[in-house]
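Structure first, commentary second.
Chain letters run A, B, ... following the sequence lines, proteins first, then strands; residues in each count from 1.
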Amino acid sequence: MKNRKNFQIYNSLSGKKEIFEPLNDNFVGMYVCGPTLYSEPHMGNMRTFINFDLIYRYLLHLGFKVKYVRNITDAGHITNSAGQEEDSIGKAARLEQMQSLEIVYKYNVKFQELQRIYNLLPPSIEPTATGHIQEQIEIIEQILDNGYAYVVNGSVYFDTKKYMKDFNYGILSGRKVDELENETRTLNAQDEKRFFADFALWKKANPEDMQIWRSPWGDGNPGWHIECTAMSTKYLGKHFDIHGGGMDLKFPHHEDEIAQSCGSFGCNPAKYWMHANMLNVNGQKMSKSFGNYFLPKEIIEGTTNLFKKAYPANVLRFFMMQAHYRSTLDFTETALDASEKGFSRLTDGLNLIEKLNISESSSFDVQSLVDSFYAAMNDDFNAPILIANLFEAVKQINLINDGNVTISKLDKDLLETEMKGFIFNVLGLEIASSNNDSILKPVMELVLDLRQQARANKDWTTSDKIRDGLAAAGIIVKDGKEGSSWN
RNA sequence: GGUCUCGUGGCCGAGAGGCUAGGCACCGGUCUGCAAAACCGUCUACAGCGGUUCGAAUCCGCUCGAGACCUCCA
């Protein structure tokens, strides 16, 4: 597997890039925290899933057998720092006058549709929290047995102080608990917890709760963090390769997952922890609470007033791939326009490669160009560098086309295969073949034929009238050496 | 208030002690009836001020600015 040479992943646990060595030979187990479906995921949410889709795709491209688990949160009692319980799904359900699972189903249908539109590969499995209540209870029991949790009034809390005697709480986020106490802004209503840093594993039911489950501690709901521990363990085992999620989940969610796994099985669930960075709008994180968000569908339909026009999903994907997954990315109209043009340059180059003239030998080093594709992605999935290298390939293709550079048959085949592999399979960009509208196509052929006749007769008035008329209808005619094309 | 991250050319973004990505825009050219498109070429930036070094955008310090987390969050 020469292409896996020096394949490195940035591990949030160590804060360094590490050579990637799977636990089991050629197999990779990857768990990514999915969405809470109380509303439609926004573009920022999608960025994380698109980034992990890139990671999944590249692992597959390198020949790994990957089991990719991404959960759907459809249950869970959440307690904020003020001690107030919030059930966002239940809240949405009451607002929309639906059952909780109806809400989740409704938004899951939309989420699945978005995944298709944005060309995300389906994970191996998308388990739901509500489908794994029993597993969650069993892990809580195990944590209780090990002495790292306690029961109060029908609720179960993780005993952080006890845990800290044996393990390092804060190993991932770098937080020190004694500092945390001072940092926490509000400390009221900590009634049931023994210690402010303790978190709920199981919450006693409230009368207004829409979803309630039975447990050894009475009717209630699982805590937010325990579902991921239960589902990752069930499908990937107690210790697996990669655990991913958005940067904002690092603390407390991922930190608490580690505590739960250590507290029940004695080991950190994942060897590599990966965190994708946020999508920004005007320098600020896109989020529901800031209200600066837009929906992934709005932008491809052009119905958000943030942008003048619609952008295809491909362009958005390409735009996001031009930034590294660990960097924040600013969403602006000019940046999107730049990506759209750049993307069409890339696709034009790719379409041109098939028509290239073959020479006896190549006048440039095709193999090292191809190697640079792998080198980029092997360096912690550096898609921006990959794209830069693909543009270098496009430049060579254009030079070949102009007759300034030569390529051999063998090299042409290599370059074509690898470019297609990286653009389609790794970056997940689908290149829509234009001119495929079944009704429009023959009409356009006729119109362009008439215009060509006019041009041949130097009847510029007619030919320009056709061109301007089509332009008004949104169809751009391009006059090339080998006839005219349109889109 | 605490912890952390980041400030790169007109814009978006990589890089991370010497080899100074890439895209878009601009400008020049080729092509073209004209235009558009396409293609080729040009364009040397790293917040400020100090320091370390033969050499710093990259390391250290300070200042200014932005953001994230500490609450649900992708």
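A/Tyr68 and A/Tyr56 have tilted rings, their planes meeting at an angle from 30° to 60° on a 0 to 90° scale. Using a 30° and 60° split on the angle between ring planes, A/Tyr325 and A/Phe52 fall in the tilted class, from 30° to 60°. The aromatic rings of A/Phe240 and A/Tyr31 lie tilted to each other, with the angle between the two planes from 30° to 60°. Note on ring orientation: taking the six-membered ring where Trp is involved, the planes of A/Phe318 and A/Phe343 are tilted (angle from 30° to 60°).
Stacking of the aromatic ring of A/Trp460 onto the base of B/G33 is found: the ring centres lie under 5.5 Å apart and the planes are inclined by under 30°.
Checking B/A66 for Watson-Crick or G-U wobble geometry (two distances, each under 3.5 Å) identifies B/U5 as its partner. Nucleotide B/U42 is matched to nothing when pairs are restricted to Watson-Crick or G-U wobble geometry with both distances under 3.5 angstrom. The nucleotide B/C19 finds no pairing partner, because no Watson-Crick or G-U wobble arrangement with both distances shorter than 3.5 Å includes it. For B/C26, there is no paired nucleotide, since no Watson-Crick or G-U wobble pair has both relevant distances below 3.5 Å. In this entry B/G50 has B/C60 as its Watson-Crick or G-U wobble partner, both defining distances falling under 3.5 Å. In a base pair of the Watson-Crick type (N1 to N3 plus N6-O4 or O6-N4) or a G-U wobble (N1-O2 and O6-N3), with each distance short of 3.5 Å, B/A14 is matched with no nucleotide.
The gap from the P atom of B/A57 to that of B/U44 amounts to 16 Å, rounded to the nearest Å. Between the C1' atoms of B/A47 and B/A66, the separation comes to 11 Å (whole Å). If you take atom P in B/A56 and the same atom in B/G50, they sit 14 Å apart, rounded to whole Å. Nucleotides B/C46 and B/U20 place their C1' atoms 10 Å apart, quoted to the nearest Å. Separating the C1' atom of B/C62 from that of B/C12 is a span of 31 Å, rounded to the nearest Å. Going from the P atom of B/C4 to that of B/G18 covers 28 Å, rounded to whole Å. Separating the C1' atom of B/G9 from that of B/C26 is a span of 12 Å, rounded to the nearest Å.
Among the protein residues, A/Met278 comes within range of the nucleic acid bases, having at least one heavy atom under 4.0 Å from a base atom. If you check every strand for non-hydrogen atoms under 4.0 Å, A/Ala335 touches sugar and phosphate atoms only. Across all strands shown, A/Arg467 has heavy atoms under 4.0 Å from base atoms, whether or not it also approaches the sugar-phosphate. Residue-level contact check: A/Lys288 touches neither bases nor backbone, having no heavy atom under 4.0 Å from any strand. Residue A/Asp464 is in base contact, counting any heavy-atom pair closer than 4.0 Å across all strands shown. A/Gly245 comes within contact range of the sugar-phosphate backbone alone, with a heavy-atom separation under 4.0 Å but no base atom that close. Contact annotation for A/Asp330: backbone-only contact, meaning every heavy-atom pair under 4.0 Å involves sugar-phosphate atoms and none involves a base. Using a 4.0 Å heavy-atom distance criterion, A/Lys250 is classed as making no nucleic acid contact. A/Leu336 comes within 4.0 angstrom of nothing in the nucleic acid, heavy atoms only. Among the protein residues, A/Ala323 comes within range of the sugar-phosphate backbone only, with heavy atoms under 4.0 Å from sugar or phosphate atoms but none that close to a base. The residue A/Phe290 sits close only to the backbone: its heavy atoms come under 4.0 Å of sugar-phosphate atoms, none of a base. Residue contacts shown for A/His42 include a base, since a base heavy atom lies under 4.0 Å away.
Using a 3.5 Å distance cut-off with no hydrogens or angles, the side chains of A/Lys250 and A/Ser12 do not pair a donor with an acceptor.
Residue A/Phe343 is the one, among A/Thr48 and A/Phe343, whose nearest nucleotide of RNA chain B lies closer to the 5' end (criterion: closest heavy atom). Comparing A/Lys17 and A/Met43 along RNA chain B, the residue whose closest nucleotide (by nearest heavy atom) sits nearer the 5' end is A/Lys17.
Summarising the local packing, CG of A/Asn457 is surrounded by more than 12 heavy atoms from other residues, nucleotides or ligands at distances under 6.0 Å. A 6.0 Å sphere centred on CZ of A/Phe364 holds more than 12 heavy atoms belonging to other residues, nucleotides or ligands.
At a cut-off of 3.5 angstrom, the base of B/G33 holds at least one donor-acceptor pair with the side chain of A/Ser463. Counting atom types as modelled, A/Arg175 pairs no side-chain N or O with a base atom of B/C70 as donor and acceptor under 3.5 Å.
The nucleotide whose nearest atom lies closest to any side-chain atom of A/Asn382 is, among B/G23, B/G15, B/C69, B/G15.
Contact annotation: A/Asn404 does not reach the phosphate of B/C40 (side-chain N/O to OP1 or OP2, under 4.0 Å).
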